[in-house]
S.K.: 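One structure is given below, represented as structure tokens, and several questions about it will come after.
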Amino acid sequence: MSGETSSCSSKATCSPKDDSANPCEAVAPVFLSYQDALQGFIRKRVLNQADAEDLSQQVLLKVHRHCESLPQVKNVKAWLYEISRNVVNDFHRSRQRETYLTEDTDLAMAPAEQSPLQELENCVGPLLQLLPPEYAEPLRLSDLEGLPQQEIATKLGLSLSGAKSRIQRGREKLKAVFLECCDFEMDRQGKLISVDIKPDCQTLKAC
């Protein structure tokens with residue numbers, strides 16, 4: 001393999017150098033650079049380690065199958081996560097089809113994969129505890145309990161405009177806390193594909 005193939009650290013987002021002779025030679029080093037992170041991403045979405053390892057190999061095969069497009073990929077990390085998510089989704093769809101075709105259906109089958117937004121929702125409650133109460137409570141009533149803003153204003157003894165203002169400020173503060181505690185991955189269309197909790201964020205350890 002050519003010594004000119006670029007290497008990517010797991011914490012960096014980069015694209016492989018353009019190897020017009022044979023771009024497929026870059027597949028192995030690029031995949032290996034992100035293999036541990038991708039396996040962790042997959043492992044959180046399936047029930048056992050064996051399935052996670054099998055799916056990781058499927059990701060490698062898919063990447064190799066599309067290796068001709070590798071030189072045009074601008075964000076390799078997002079591209080790999082997008083492929084991994086599609087492989088996991090295909091896996092769950094396949095399991096569901098097998099369940100429908102089996103008379104003795106196991107009701108304890110693997111749960112459907114949570115989207116990144118659903119994963120974020122699980123963390124809202126703990127992060128709200130980090131906000132000042134005057135912003136946390138209106139935001140909790142609005143975004144978690146779904147109360148109308150007028151009802152929130154009455155319940156908290158605020159004017160309607162005051163309630164709206166606190167909810168908006170609460171969302172801004174909550175967004176800032178999310179950015180401090182989480183790393184976000186977007187695909188090429190700007191869609192959220194992965195959320196990873198930073199190791200130093202103790203508040204979300206149980207998320």
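Treat the numbers as computed from the prediction; the structure is a model and nothing was measured.
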S.K.: Using the side chain to side chain donor-acceptor pair (under 3.5 Å) criterion, which residues pair with Glu53? Sequence neighbours excluded.
M.R.: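 By the side chain to side chain donor-acceptor pair (under 3.5 Å) rule, Glu53 matches Gln49.
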
S.K.: Between Trp79 and Ile83, is a side-chain contact (heavy atoms from CB on, under 4.5 Å) present by the stated rule, with each step listed?
M.R.: CA-CA 6 Å; Trp79 184 61; Ile83 292 175; 3.7 Å; yes

S.K.: Quick check with a 6.0 Å cut-off and a 45 degree axis cone: is Arg45 positioned over the face of Phe41's six-membered ring?
M.R.: yes

S.K.: Please list every donor-acceptor pair under 3.5 Å in which a side-chain atom of residues 165-176 meets a protein atom from a residue at least two apart or in another chain.
M.R.:
unit_1, atom_1, unit_2, atom_2, d
Arg171, NE, Asp143, OD2, 3.1
Arg171, NH2, Asp143, OD1, 2.9

S.K.: List in chain and number order the residues that pass side-chain contact (heavy atoms from CB on, under 4.5 Å) with Leu55, two or more places apart in sequence or in another chain; answer none if no residue qualifies.
M.R.: Ile42, Val46, Gln58, Val87, Val88, Phe91

S.K.: Atom CG of Leu60 and atom OG of Ser84: how far apart are they, to the nearest 0.5 Å?
M.R.: 10.5 Å

S.K.: For residues 150-163, which side-chain donor-acceptor pairs fall under 3.5 Å, sequence neighbours excluded?
M.R.:
unit_1, atom_1, unit_2, atom_2, d
Thr154, OG1, Gln150, O, 3.1
Ser159, OG, Ser161, OG, 3.3
Ser159, OG, Gly162, N, 3.0

S.K.: Does a donor on one side chain sit under 3.5 Å from an acceptor on the other, for Asn48 and Asp51?
M.R.: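 Judged by distance alone, the side chains do pair up.
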
S.K.: For residues 133-141, which side-chain N or O atoms pair as donor and acceptor with protein atoms under 3.5 Å away, sequence neighbours left out?
M.R.:
unit_1, atom_1, unit_2, atom_2, d
Glu137, OE1, Arg140, NE, 3.1
Glu137, OE1, Arg140, NH2, 3.3
Glu137, OE2, Arg140, NH2, 2.5
Arg140, NH1, Glu145, OE2, 2.2

S.K.: For the side chain of Ser56 and the backbone of Ala52, is there at least one donor-acceptor N/O pair under 3.5 Å apart?
M.R.: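 A pair under 3.5 Å: no.
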
S.K.: Which residues pass the salt bridge (Lys or Arg N to Asp or Glu O under 4.0 Å) test with Asp36, not counting sequence neighbours?
M.R.: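 In terms of salt bridge (Lys or Arg N to Asp or Glu O under 4.0 Å), with neighbours along the sequence ignored, Asp36 is linked to no residue.
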
S.K.: Report whether Leu128 and Leu130 are members of the same hydrophobic cluster (ILVMFWY, side-chain heavy atoms less than 4.5 Å apart, transitive linking).
M.R.: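 Yes, Leu128 connects to Leu130 through the hydrophobic network.
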
